[in-house]
Amino acid sequence: MRYRTLKGLQDILPPDISVWQHIESTAGNIFRTYGYQEIRLPIMESTDIFIRSIGETSDIVEKEMYTFQDKGGRSVTLRPEGTASFVRAYVQHHLYNNPAPQKFYYSGPMFRYERPQAYRYRQFYQIGAEAMGIEDPKLDAEIISMLGRLLHSIGLEGLNFQITSIGCKKCRPDYREALKQFLKDKLENFCSDCQRRYDLNPMRILDCKVPGCIESRKGSPPLIDYLCDECEVHFDGLKKNLSKLHVSHTINPNLVRGLDYYTKTAFEVTSDNLGSQSAVAAGGRYDSMVDEFGGPPTPGIGFALGMERIIPLIKESLNITEGPEIFLCPIGEKAAEKALVLTEQLRSEGLWAEMNFDGTSLRSQMRKANKIAAKRVVVIGDDELEKNKAVMKNMVEKEEVAIGLDVSEFIKTIQNSDVNTHN
Ligand code: HAM
């Protein structure tokens, strides 16, 4: 084969696309009930935007970004995630002037140069939501509850909601010192990246995927023990309100996010059925990012779910088979001309109608009707043309109805059988 997709990228083909559409439309409906509005963002930004927000020492920025120079010599990056782009847009368009909370959602491809494996791609799709302008942990509880409702409505089960607090600018310095103290004598057991991060940003050591580093950092102090009063009160509020909304969750003090912008609340939703790449969705609060991007100090919180991790979990149980409402099987040229006109008329009435084009035997036309999952079939031959009558065969109910060769009769019969099926 001459050309193939690049490593870590994939084509999304029918019938899988129906599962994608199911998720997107379910998410859209739920977002609407919570007042989230869609926002569409470019897939490329100035590289700086990601370095400043995700963090210079994060794996994403250090190793995974698709960064290149455009023809004007600017450094641009294919977005590795949506939040930084979103905050850039939020500040650029002064969206903070609208009443808080301002709520937005987006979907689309993200790009990370990771080592591809099951459920981990270099181009992957996220659906993300961001809510801005409110510090109250009730909003944190609301957005986590919305995520739960969304995942449940899509058809996911067996999920674990893990939450933690990763503090703020006030409590981090103390924690950083405690962590450095813990790591100090073990530093030679860590990879060279971690050794470099020790002085620059020791908290990133907690996110390193190298097995030796994972082993060596066992027993490190959890940040949750170092929260300042404000973060403590906020975290208590989150837990209380999640319980009020009946969102079952576990507190995971070892939860570490791969992005530097988070403050206070951080969360992850995992599935037992995904192996090592178990996070189907994740997010958290980012109360300093708007400020750092040049906007007025504005708190924010959001999440993103990974489409490629959700699709395999629901694909089997969904069983979406899509086929035309009606498939016309003409025999002979005259019948084919009649079928061409009839299908066009049916479409103008909003129905998915198809005709067979290749003049094959009735047997092979019926085989094709089954293959394309046609719900109804009408055979048109010389006899049918002459009498202006035919038989509509319902392939699902296995019933046959005599009809005139006329679009209004077709529609009436289809509507009647739909009513019967839905009763
Ligand atoms: P993230 O944890 O980096 O957060 O990604 C969110 C989700 O995207 C993950 O839980 C996972 O399902 C999916 N994902 C990430 N990388 C890959 C990959 N290589 N292949 C397949 N799926 C992947 C963020 O991106 C934040 N922007 C979320 C957020 C929004 N925080 C606040 N607002």
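Ligands are counted one by one from 1 in listed order, and the atoms in each one are counted from 1 as well. Only a predicted model underlies this, so the values are computations on that prediction, with no experimental measurement involved. Residues: numbered from 1 along the sequence shown.
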- Task: Determine, using heavy atoms of G128 and all atoms of ligand 1, whether some pair is separated by less than 4.0 Å.
- Result: no

- Between the side chain of N98 and the main-chain N/O of Q102, is any donor-acceptor distance below 3.5 Å? no

- Donor-acceptor contact below 3.5 Å, side chain H22 vs main chain I154: yes

- Can you check whether Y175 and Y226 have ring centres sitting under 6.0 Å from each other? yes

- Task: If you have a sec, work out which protein heavy atom is nearest atom 13 (C) of ligand 1 and how many Å separate them, to one decimal?
- Result: G306 CA, 3.7 Å

- Mind checking whether E308 has an N or O less than 3.5 Å away from an N or O of ligand 1? no

- So which heavy atom in the protein is nearest atom 30 (C) of ligand 1, and how far is it from that ligand atom? T83 OG1, 3.0 Å

- Task: Determine whether any heavy atom of R285 lies closer than 4.0 Å to an atom of ligand 1.
- Result: no

- F267 and F161: aromatic ring centres closer than 6.0 Å? no

- Message: Here's one to test your reading of the geometry: is the NZ or CZ of K184 within 45 degrees of the ring axis of F182 and under 6.0 Å from its centre?
- Response: no

- At under 4.0 Å between heavy atoms, what of R112 touches ligand 1? The answer is side chain

- Considering heavy atoms of the protein only, find what lies nearest to atom 20 (N) of ligand 1 and give residue, atom and distance to 0.1 Å. Y121 N, 3.0 Å

- Query: Which bit of Y262 is near ligand 1, meaning a heavy atom under 4.0 Å away: side chain, backbone, both or neither?
  - Reply: side chain

- Any donor-acceptor pair under 3.5 Å linking the side chain of R52 with the backbone of E292? yes

- Item | From the candidates A129, G300, A304, the one that places a heavy atom nearest atom 7 (C) of ligand 1 | A304

- Query: Where the side chain of K103 meets the backbone of P101, is there a donor-acceptor pair that is under 3.5 Å apart?
  - Reply: no

- Measure from NZ or CZ of K180 to the centre of the six-membered ring of Y198 and say whether it is under 6.0 Å with the direction within 45° of the ring axis. yes

- Task: Using distance alone, determine whether Y286 and ligand 1 share an N or O pair under 3.5 Å.
- Result: no

- Mind checking whether Y125 has a heavy atom under 4.0 Å from ligand 1? no

- Task: May I ask you to check if R122 and Y113 form a cation-pi contact, with NZ or CZ under 6.0 angstrom from the six-membered ring centre and within 45° of the axis?
- Result: yes

- Query: N/O to N/O below 3.5 Å, does that happen between E81 and ligand 1?
  - Reply: yes

- Task: With heavy atoms only and a cut-off of under 4.0 Å, state how E268 meets ligand 1: side chain, backbone, both or neither.
- Result: neither

- Test I205 against every option in D193, V256, L183 by the side-chain contact (heavy atoms from CB on, under 4.5 Å) rule and name the one that passes. L183

- Query: So which heavy atom in the protein is nearest atom 14 (N) of ligand 1, and how far is it from that ligand atom?
  - Reply: F124 CE1, 3.6 Å

- Query: Nearest to atom 25 (O) of ligand 1, what protein heavy atom do you find, and at what distance?
  - Reply: Q126 NE2, 3.0 Å

- Query: What is the closest protein heavy atom to atom 9 (C) of ligand 1, and at what distance does it sit?
  - Reply: A279 O, 4.1 Å

- Could you tell me whether ligand 1 has any atom less than 4.0 Å away from a heavy atom of G284? yes

- ligand 1 versus R257, non-hydrogen atoms closer than 4.0 Å: side chain, backbone, both, neither? side chain

- Query: Rounded to the nearest 0.5 Å, what separation is found between the OG atom of S408 and the CD atom of E349?
  - Reply: 9.0 Å

- Query: Will you find, in the side chains of Y66 and E64, an N or O donor that is under 3.5 Å from an N or O acceptor?
  - Reply: no

- Message: Would V280 count as being in polar contact with ligand 1, using the rule that some N or O on each side must be under 3.5 angstrom apart?
- Response: yes

- Query: Would you call R257 and D207 a salt bridge, using N to O less than 4.0 angstrom?
  - Reply: no

- Sub-3.5 Å N/O-N/O distance, Y106 and ligand 1: no

- Does ligand 1 have an atom under 4.0 Å from some heavy atom of L259? yes

- For atom 33 (N) of ligand 1, closest protein heavy-atom neighbour: E130 OE1, 2.9 Å

- Item | Test item, F86 contacting ligand 1 (heavy atom, 4.0 angstrom) | no

- Okay, side chain of R79, backbone of E45: is any donor-acceptor separation there less than 3.5 Å? no

